[in-house]
Amino acid sequence: MKENLTEKITVLYEDSHIVAINKPAGLVVHSDGKTAEASVADWVLASYPESKDVGEPARTPEGVLVPRPGIVHRLDRQTSGVMLIAKTTEGFQVLKEQFKHQKIEKEYHAFVCGSMKADQGTIDRPIGRSPADFRRWSAQRGARGEMRESITDYVVALRTQRYTFVHVFPKTGR
């Protein structure tokens, strides 16, 4: 393996079809096809080699297939949290359907710069590609490409004059 990910990834739950892990911040979920850094997908292959063909590979803009064994969803590199990974094709199909029909609820905890005025609310604003960096998404004016629906509920847990700590509940997966 590219590095010892066993020390970084903690298994939270496991059965014959799925495994739930705690993904640490700083670790990518799967390769972008351009770099050779360690990923959650590498850990899956090393820990569950029988899931090599489980799931659907990604395709880079250049058309290169990137293996994503058992990967049903992802978390950004700098985001830590629970990931559900399929060990079997049956597990993959069940998880895929649950994510598609929003049967799995996601909750993020985030610090926001500034003091948010409302104690709770919904952010409903389409997102597209950032004009400054095509790899990032943006809800700002000038976003490019296909605009996708993006709905997120939030509840303020704590606020100061400079920061707000919020519980965030994405509804559309973006």
Side-chain angles (χ1 to χ4, degrees), residues 18-35 37 39-44 51 53-86 89 91-157 163-174:
I18 68 167
V19 61
I21 65 165
N22 182 22
K23 184 196 93 59
L27 181 63
V28 295
V29 172
H30 56 78
S31 171
D32 61 4
K34 298 175 186 174
T35 62
E37 66 188 295
S39 69
V40 171
D42 294 328
W43 177 84
V44 173
S51 37
D53 297 321
V54 172
E56 301 161 348
R59 189 174 296 278
T60 67
E62 296 80 25
V64 176
L65 284 179
V66 176
R68 300 186 318 163
I71 305 296
V72 181
H73 68 107
R74 54 179 288 282
L75 293 175
D76 290 342
R77 174 194 306 265
Q78 294 307 328
T79 302
S80 63
V82 177
M83 282 194 65
L84 301 175
I85 298 168
T89 300
F92 182 83
Q93 293 303 327
V94 169
L95 287 175
K96 185 176 170 181
E97 283 297 307
Q98 289 180 341
F99 275 104
K100 179 180 178 181
H101 297 291
Q102 299 175 356
K103 301 283 185 192
I104 295 175
E105 294 181 15
K106 300 180 211 173
E107 177 178 345
Y108 293 80
H109 298 171
F111 287 96
V112 178
C113 291
S115 180
M116 295 176 71
K117 293 178 183 170
D119 289 338
Q120 61 185 18
T122 298
I123 301 166
D124 184 352
R125 187 173 175 102
I127 62 172
R129 293 290 180 186
S130 166
D133 184 347
F134 74 92
R135 294 169 296 188
R136 296 183 179 266
W137 292 97
S138 174
Q140 301 298 317
R141 287 187 205 142
R144 302 179 195 181
E146 177 188 349
M147 300 301 285
R148 297 182 176 182
E149 178 183 46
S150 179
I151 302 170
T152 302
D153 295 334
Y154 69 89
V155 176
V156 171
Y163 303 100
T164 306
F165 180 63
V166 292
H167 298 278
V168 182
F169 307 92
K171 301 301 177 191
T172 55
R174 290 179 272 282

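By convention here, the first residue in the shown sequence is residue 1.
Separation of atoms OG1 (Thr122) and OH (Tyr154) is listed at 8.0 Å; rounding is to 0.5 Å. Atom CG of residue Leu84 and atom CD of residue Gln98 lie 8.5 Å apart, to the nearest 0.5 angstrom. One distance of note links CZ of Phe169 with OG1 of Thr152; it measures 11.0 Å at 0.5 Å rounding. Taking OG of Ser39 as the reference point, atom CD1 of Ile71 lies at 7.5 Å (rounded to 0.5 Å). One distance of note links OG1 of Thr172 with CD1 of Ile127; it measures 7.0 Å at 0.5 Å rounding. The OG atom of Ser80 lies 10.5 Å from the NE2 atom of His109; values are rounded to the nearest 0.5 Å.
Shown here for Gly63 and Arg59, the closest heavy-atom pair between the two residues is O-NH1, 2.9 Å. Gly26 and Gln78 make their closest contact through N-OE1, 3.8 Å (heavy atoms, listed as atom of the first residue, atom of the second, distance). Closest non-hydrogen pair, Ser138 versus Ala143, comes out as O-CB, 3.6 Å. Counting all heavy atoms, side chain and backbone alike, Ala41 lies closest to Pro67 at CB-O, 4.3 Å. In this structure, Pro170 and Lys106 approach most closely via the heavy-atom pair CD-O, 3.6 Å. Shown here for Ser51 and Pro69, the closest heavy-atom pair between the two residues is O-CB, 3.4 Å.
One N or O on the side chain of Gln102 and one on the backbone of Lys171 form a donor-acceptor pair closer than 3.5 Å. Lys23 contributes no side-chain N or O that, together with a main-chain N or O of Arg74, makes up a donor-acceptor pair within less than 3.5 Å. Put simply, the side chain of Thr89 never gets that close to the backbone of Val54: no donor and acceptor are under 3.5 Å apart. Put simply, the side chain of Arg125 gets close to the backbone of Ala139: a donor and an acceptor are under 3.5 Å apart. A side-chain donor-acceptor contact under 3.5 Å links Thr164 to the backbone of Gly114.
Using a cut-off of 4.0 Å between Lys/Arg side-chain N and Asp/Glu carboxylate O, Lys96 and Glu56 are scored as salt-bridged.
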- Show your reasoning for whether ring-ring contact (aromatic ring centres under 6.0 Å, His included) applies to Tyr163 and Phe111. CA-CA 7 Å; Tyr163 303 100; Phe111 287 96; 7.4 Å; no
- Check the pair Arg129, Arg136 against side chain to side chain contact (heavy atoms under 4.5 Å, CB included), reporting the backbone distance first and the verdict last. CA-CA 6 Å; Arg129 293 290 180 186; Arg136 296 183 179 266; over 6 Å; no
- Task: Report the C-alpha distance between His101 and Phe99 in whole Å, list the side-chain angles of each, state the deciding distance to 0.1 Å, and finish with yes or no for ring-ring contact (aromatic ring centres under 6.0 Å, His included).
- Result: CA-CA 6 Å; His101 297 291; Phe99 275 104; over 10 Å; no
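Contact of the Ile85 side chain with the Ile21 side chain is registered, since non-hydrogen atoms from C-beta on lie closer than 4.5 Å. Proximity of Val28 to Val40: side-chain heavy atoms (C-beta onward) are nowhere separated by under 4.5 Å. At least one side-chain heavy atom of Met116 sits under 4.5 Å from a side-chain heavy atom of Val166. Counting only heavy atoms from C-beta outward, the side chains of Glu149 and Pro126 never approach each other to under 4.5 Å. The closest side-chain heavy-atom distance from Val29 to Met83 is below 4.5 Å. The side-chain heavy atoms of Leu95 and Ile104, taken from C-beta on, include a pair separated by under 4.5 Å. Side-chain contact check for Arg144 versus Pro131: some heavy-atom pair is nearer than 4.5 Å. Residues Phe165 and Val156 are not in side-chain contact: their nearest non-hydrogen atoms beyond the backbone lie 4.5 Å or more apart.
No side-chain N or O of Ser130 forms a donor-acceptor pair with one of Asp133 less than 3.5 Å apart.
The local environment of CD in Glu62 is crowded, with over 12 non-hydrogen atoms from other residues, nucleotides or ligands closer than 6.0 Å.
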